[in-house]
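The next block holds one structure in the form of structure tokens; read it before the comments.
Order of appearance sets the numbers: ligands from 1, and atoms from 1 within every ligand. Index from 1, following the sequence.
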Amino acid sequence: MATKRGALIVLEGVDKAGKTTQCNKLVSALQQSGRPAEMLRFPDRTTTIGQMISAYLEKKSELEDHTIHLLFSANRWELVPIMKKKLEQGITLVVDRYAFSGVAFTSAKPGFSLDWCKNSDTGLPNPDLVMYLQLSPAQAALRGQFGEERYETSNFQRKVQQKFEQLIQDSSVNWKVIDASRSVEGVHNDIVNLSINTINTAQNQELGELWK
Ligand code: FDM
């Protein structure tokens, strides 16, 4: 019998929503229940393109706004062959940020439409599930100071949040909104349940193409 494919599961949300913590906990929980799972994160700062992105985020280099958008996108495309291979091998991929961060962050800058921003990511593997960890700017502020990287200001994060709220209206994507203001364990339980349901249904479905 052919191996059943893994699911592509994405976590999105503004800074401080707990994405990375929840991705790590989800991968451990899936593995402990005997489901092969691995974590990925975007940007993947280890590739040549990823190093250019990392230098930009750390403010060690300047890049024109369209250019950095396309580099973030290229950083996803360069991982697609590996992602598809792992999914085919039955490994579920838990992804910390994806094209939705790409669109939300660039379109929060002046002069960028959602449509232009979506273009370079159109056709990427369509996630089987995208969980949006929702947290208000006031609740995010209670979780401490932002870091030193580019985009880590409350003003910009508010604009990014508005863009995410627009993106979650798109019914071509399997969005689930999670209230991230609750305890880590409470959020985790919801995420595990949604993920297991998704893994069970995705194994009988073809992987789709994003925004196509
Ligand atoms: N970011 C992330 C983008 O602007 N575009 C993208 O496509 C992606 C994936 O990069 F500020 C931004 C979001 C965040 C930064 O930070 C990456 P982390 O801490 O590595 O998630």
query = Looking only at side chains, do D128 and T198 share a donor and an acceptor under 3.5 Å apart?
reply = no
key: Distance-only polar pair, side chains of D115 and S113, donor-acceptor under 3.5 Å   = no
ask   = Does at least one non-hydrogen atom of R41 fall below 4.0 angstrom from an atom of ligand 1?
value = yes
key: Pair Q145-E152, side-chain donor/acceptor within less than 3.5 Å   = no
inquiry  = Nearest non-hydrogen contact with atom 4 (O) of ligand 1 belongs to which option: F105, F42, F100, F156?
reply    = F105
query = Closest non-hydrogen protein atom to atom 17 (C) of ligand 1, residue and atom name please, with distance?
reply = P43 CD, 3.7 Å
Min N/O separation R76 to ligand 1 under 3.5 Å = yes
message = Quick test: of every protein heavy atom, which one is nearest to atom 3 (C) of ligand 1, and how far off is it to 0.1 Å?
response = F72 CZ, 3.3 Å
query = Does a donor on one side chain and an acceptor on the other come within less than 3.5 Å for K159 and Y151?
reply = no
request  = Determine the interplanar angle of the F100 and W211 rings, folded into 0 to 90°, and report it as parallel if under 30°, tilted if 30 to 60°, perpendicular if over 60°.
outcome  = perpendicular
task = Ignoring angles and geometry beyond distance, decide whether E149 reaches within less than 3.5 Å of ligand 1 through its nitrogen or oxygen atoms.
result = no
task = May I ask you to check whether R97 has an N/O atom sitting below 3.5 Å from an N/O atom of ligand 1?
result = yes
request  = Verify whether one side chain among T201 and Q205 offers a donor that lies under 3.5 Å from an acceptor in the other.
outcome  = no
request  = Give the atoms of ligand 1, by number and element, whose distance to some non-hydrogen atom of L57 is under 4.0 Å.
outcome  = 10 (O), 15 (C), 17 (C)
inquiry  = Is a donor from one side chain sitting under 3.5 angstrom from an acceptor on the other, for T3 and Q89?
reply    = no
inquiry  = Taking a cutoff of less than 4.0 Å between a non-hydrogen atom of the residue and any ligand atom, is R45 in contact with ligand 1?
reply    = yes
